[in-house]
Structure formats: C-alpha cells, structure tokens
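A note on names: the letters A, B, ... follow the listed sequences, proteins ahead of strands, and every chain is numbered from 1.
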2 protein chains.
Amino acid sequence: MATIDDVAKAAGVSTSTVSYVLSGKRPISAPTRSRVEKAIKDLGYRPHAGARALASNRTNVLALVAPLRAAVNVNVIMLFVSGIAQAAQHHNYDVLLVTQDDATGLDRVLNGSMVDAVITMDVEEHDPRIPVLRNAKQPAVLIGLPRDTAGLSCVDLDFASVGSSAVRHLAELGHTKIGLLGSGSAAWERRTSFLERLLQGARTEANYQSVELAAIPCEASEVGAAEAVDSILAQQPGLTALIVHNESALPHAIARLRELGKSIPGDISVLAVCPPDVAANQPLPLTSIDIPGEAIGRAAVDMAMNRLDNDLPAETRLLAPVLTQRESTGPVR
Amino acid sequence: MATIDDVAKAAGVSTSTVSYVLSGKRPISAPTRSRVEKAIKDLGYRPHAGARALASNRTNVLALVAPLRAAVNVNVIMLFVSGIAQAAQHHNYDVLLVTQDDATGLDRVLNGSMVDAVITMDVEEHDPRIPVLRNAKQPAVLIGLPRDTAGLSCVDLDFASVGSSAVRHLAELGHTKIGLLGSGSAAWERRTSFLERLLQGARTEANYQSVELAAIPCEASEVGAAEAVDSILAQQPGLTALIVHNESALPHAIARLRELGKSIPGDISVLAVCPPDVAANQPLPLTSIDIPGEAIGRAAVDMAMNRLDNDLPAETRLLAPVLTQRESTGPVR
DNA sequence: CTGAAAGCGCTAACAC
DNA sequence: GTGTTAGCGCTTTCAG
C-alpha cells in the first residue's frame, strides 16, 4: 500500500502538501495540486484510516445502535437504517453497526474513539446505554424519546400530533365512535413512549371533538389481528372508524373486517399509521399518516453532524405528521 | 482519555507490559497483571482503535456489504445481518456497514485499511464490486454464488438440493403434478443464481421421479400472489402440490387457495421455502425447507475469520437444507 | 504558497 | 518476566 510519503515523493512535494491537497485546509497552486492528484491516482493511494484517526481525532465513522432482536418492526428499522446510511454517505461518513444489548459494545466503540458520533434506535426507558451516551465525548442522537432527555438530542415522529390528526380527520368526516388498534401488548407493557404519546394525542382530540375513542393492543399475527378487530367491535358497538398503528397486523385486520361483512370505507373507515408505500400498496389504497422512517434517519444524521462541527446544545426534534387521504376513509353514513 | 502510558505509570510498569497484559501475547506474573488491571479499571482506560490499527495492521472490524434498496426480502436480510453481528461479536469484531451500490465505498473501506475482512450479500452476476473484492488484501466472503467464484469464498444454502428435496418429499407422498411459485419476476430476469439452482434441482428430481413440474414467478403483493396461484392452476390442471419460495407472497397464496375452495393439505399440499419461524407461525403450520439466514451469516463470519488467522485458499460452502414436516403436506388423495 | 518535524497512542522487535 | 524504543501513516503547528 502506498503511503502519503510515497505520493509526496512521486509528486516532488512534501507530505504536508499532499495532506493539504487532500483536506483542502490551505490553498494549493493549481500545478502543484494537479501533480499531487496525478501521483495519487497513479499510485492508487488511499489514506490509512487508523493513522488519520490517530493524528486528527476524527474517524469519519458514525455508530448506529440498532436492535436486531426485539425490533418493533423490521421494515421500519430498515427504513431508519437506509435513511441513516444515505445521509451518512452524503456527509462522507461510514456507519459502524452496534447491536449488543448491553453497554459494553457502545462503551468500546465510543471510548475507543472508533466513531465521531452515535445514533441510537429503540431506546428503552431505563436503558443501560443512556448513561454511557451521556458521558461520551461524542455527540449522541436518539431516535425516539426516553423518559429523561437531559443532555441528549432526540428525533422522532410527533406521535401526539399523529393521534390528534387521526382523530380530527375522522371526526371531521362525522365519525363519533372510533377505535384504535395499536402495537403488540409487549410495547404496551414496556410503556413505550411513542405509544403513550399517540394515545394521549388521540384522547385529547377525542375529548375536544366529543367523540368516543377505544384503544387496544394488537398482536402482529393473523390470529392476533382478527382477535383485536373482534374485540374492539364488541367493546365499541356501532364503531364506524378504525385507526391502525401496526404495519404487520394491517392486512389481517382489514381481511377480518371483510370477513365480518364490513365494507371499507362504506361501513368502516380505516386510517393507517405506517410507511407511505405500505398504505399505498394495499389492495385498497389506505388513507394514512406516514411513518417517515427515512426522513427521521436523515434528520438524526444531520443533527449529529451539526453537533460535530459547531457544538450546539442538545435538541429534541419532533417531525410533524402528514396525513394522506386515499380510499379507505369517508364520511360516516 | 487515559492512554496506555498513563496506565503504565499508574501501575509502575512499562507500556509494553500493559500492552502484553491486554493482548496476552506474552506471560505476565500474577502480581504485575493485577496491578495493571487495577490501573486500567481505575483510569477507565480503553485502547485507541486508530492507534492500534496503525501499529498492528488489525482493526477488528468487519465490513458488511448489504443491499438496502433492492433487497430480495427485508426479513431474510435481517436474519443474515443478525447472524453476522452475533458471530462477529463472538470473535471480538465490530461490523462496518457498507451500503453503496458502486464500488467506491468498498474501495475506500478496504484500501483505507478500515477493516480486516469483508462479507458481501446479494452479489449480482457482473457486479462491479467483484474485482475490488478480488484485488483486496483482506479476505472476502460472499453470501450467494456469483458466476465466477475464482479466488472468492462463498457460502449459501444449497438451493439445488432444496429443489430436489422438495420435489422428492412431495413425490414420495404420491403427488405427480407439482407447481412451483418462485420469487418475483425481477429475480427471474436478473437470472439470480439461487433461482436457477433451485429450478435445476427441482427439475432434475422431477424427471427422476417421473412427476410433472411447472414453475412460474410470483410477485410479492396480494394481487400478484393470487394471479400466480390462478395461473399455475390453469397451467397445470389437476395439480395437487405447490412449492412456494416466496416468503412475502406465502400468506396471500394460501389465502387464494382457500378462496378457490382448495383445502390444505386435503386438495393441495403446500411446501414452503422460508425461514423456520415464518413457516411455523402461519395459521396452519407449514411443512417447510428452512432458509437458515442466521446460520449462513455465522458461517460467513467463521470463514472470514479462518482466513485471517491462517490463510486458506478460497472455498465454497453450500449448506444442506433441512425439511421440517408440519401440517401442510400430506398424501395425495 | 510550501516544507520540516513533532507528535497522535499503540505494538512488537530487541534487549536484559 | 519486564523494559526500551523504533516505527505505523497521518495531521498540523511552526517556519519560511
């Protein structure tokens, strides 16, 4: 492997000149620059990442802490990851995947100076990783909202606003008995913050609009979805609208409604909270509030990068939801 | 951040002693070792990854080249990733995610000495990354089989064997007209190697067993699955068994069969090729041949690690398929 | 606009 | 069983 000294020699300049050509941190005359660039190309030179990190305290690597096991939803995870990967690439950053549940992986990566910043997904309420993140010299961005955000930057969809928009949309169509199918009971028991925010937003708006709202969990399986549909229909007789925040259960819930002879949106309006492509690609395109996975991923990277260059205080960014009307919601009969 | 010299000073030993305590590359007396370990703990010392990489030519990082966009199936991808992440952890390795389609990312990561080895998923036939992998000083392991495997280690499920086992299982149950629903047409057009191998294995066995076999692609959507079912039924009248190698279409294909009044396995036996949990968690547990995503991921890491320590020649490993009989296949009536 | 040279923190000979 | 020290390849003052 060619080193920077080889390049300098080949170009007839000093190593520092080569370094500055590469970094652009000081002006270089056109002829010098092109000689250096030619030498770089000729030798197929690539800077050694470790040496660079040692000398500059910058790795150009971003840690991504991702839950590979108890993922809320693989699809959504992939959207986040994809948004993060793209944005990182755009900033000339690589992504180091950290999947260990405990903090040891994070600790090594952070304190071993392997990365310049961290993005953490699916943080739990009393996550052992939070203190490690807080003490790190690198900026950290969480996707989601932990209980105590002090000193940590967070980005997430504004789920309270998701809840209220959903209820408002249906109330404006004249619906007065609305059901909500949420994520699996595991998420309810963990008291996941997005769920609480969604419910709070929906309930507040339901009160304001004077409509009835019933919310229950819903497992991701075919059977679970059918049970949830049956159960909410029993619990809320005369229900005419359903909000479903559960991508995996969505098709099964709809199938169950059909089985029960309910037409959509004739008998029951359905509003999905899910990634836009999922809603649009159902047999009946669904009115939906997007879960903008890629956008959140991008925002997380941008926040991290910002904090690297400047050093801003921590900030929480909640993305406003977007409701797209398609064919599954309509006026109550 | 404490350095190795700080630790040495605190423990009253030389830096090399600290280094050797850490690496275990030479014997250290018990008392010295414990003094060093105490100093490490007291100072919260973590070795600087860049410095270590520079001095030792080892990063303890593994590149994982993953397709985030045109993924065959997000679920299967996640299984691979999860197997790889676990195995890497086990070998004290971290994972660097490379998602760029072209070779620039790979090139930087490999020639910039950011990683000790690469694992590449979803390689295409004339992939621009293949030459980069072949020229790299680091060992490379591909998941899947490219056209020309010279100099590259590969690991994959033995799809030919999957095809023949599936047909044999059904033939032994007395079925003589068998259909096969494969992946979406995109994969057929790319002439993906796993598909060709699956078909070749299935056809050879069908010949041998003197049974009829018809194979068609199947899109992942609900509509696509229904069309594929209708089409294969039309194409192969009297068909009594169906092999489905398409996780996303699976539930929809089954639903369509039901709609058509076909009972499973009474009228039609269904054999799925998919991850074990998917098969087991359907409403009717499906007889299936596993796609052992995690095992393949682990095998890939093991092969890479082996090639780091020793330097073995390239090797292709095809994992034998496992057929698990559940409730969706039975004797022909 | 360009060069010289002092480290960055660690590993691995080479000494003893 | 332990210490000394020369690099690893790069960035960045400090000089000119």
Around B:Lys137, counting heavy atoms of other residues, nucleotides and ligands shown, do more than 12 lie under 6.0 Å from its NZ?
-> yes

Step by step, work out the side chain to side chain contact (heavy atoms under 4.5 Å, CB included) result for B:Leu308 and B:His91.
-> CA-CA 12 Å; B:Leu308 269 181; B:His91 287 270; over 6 Å; no

Quickly work out the A:Asp6 CG to D:dC10 C1' distance and round it to whole Å.
-> 13 Å

Starting at atom CG of A:Asn60, determine the distance to atom P of D:dC10, rounded to an integer number of angstrom.
-> 15 Å

Would you mind checking if A:Arg317 and A:Asp302 are paired as a salt bridge, meaning a charged N to carboxylate O distance below 4.0 Å?
-> no

Using a heavy-atom cut-off of 4.0 Å to chain A, what are the terminal contacting nucleotides of DNA chain C, in 5' to 3' order?
-> C:dC1 to C:dG9

Could you state the CG-C1' distance from B:Asp5 to D:dG3, rounded to the nearest angstrom?
-> 13 Å

For A:Ser82 and A:Gln86, what are the C-alpha separation, side-chain angles and deciding distance, and is it a side chain to side chain contact (heavy atoms under 4.5 Å, CB included)?
-> CA-CA 6 Å; A:Ser82 143; A:Gln86 265 180 259; 3.9 Å; yes

May I have the distance from B:Arg33 (atom CZ) to D:dG1 (atom C1'), rounded to whole angstrom?
-> 12 Å

Nearest-Å distance for atom pair OH/P, residues A:Tyr45 and D:dG9 = 10 Å

Per nearest nucleotide of DNA chain D, the residue lying toward the 5' end, A:His48 or B:Gly12, is B:Gly12

Of residues 15-31 of chain A, the positions that come close to DNA chain C - non-hydrogen atoms, cut-off under 4.0 Å | A:Thr15, A:Ser16, A:Thr17, A:Arg26, A:Pro27, A:Ile28, A:Ser29

Let me know the distance between CZ of A:Arg58 and C1' of D:dT11, rounded to the nearest Å.
-> 13 Å

Enter the distance from B:Thr59:OG1 to B:Arg52:CZ here, rounded to the nearest 0.5 Å.
-> 11.0 Å

For B:Arg35 and D:dG1, what is the distance between atoms CZ and P respectively, to the nearest whole Å?
-> 14 Å

Has A:Thr3 got a side-chain N or O lying under 4.0 Å from the OP1 or OP2 atom of D:dG9?
-> no

For residues B:Pro128 and B:Ala103, report the shortest heavy-atom separation together with the two atoms involved.
-> O-CB, 4.0 Å

Determine, stepwise, if the pair A:Asp6 / A:Tyr45 fulfils side chain to side chain contact (heavy atoms under 4.5 Å, CB included).
-> CA-CA 9 Å; A:Asp6 298 333; A:Tyr45 167 72; over 6 Å; no

SB check A:Arg108 A:Asp102 (cutoff 4.0 Å) = no

Look at the side chain of A:Arg307 and the backbone N and O of A:Met303, then say whether any donor-acceptor pair between them is shorter than 3.5 Å.
-> yes

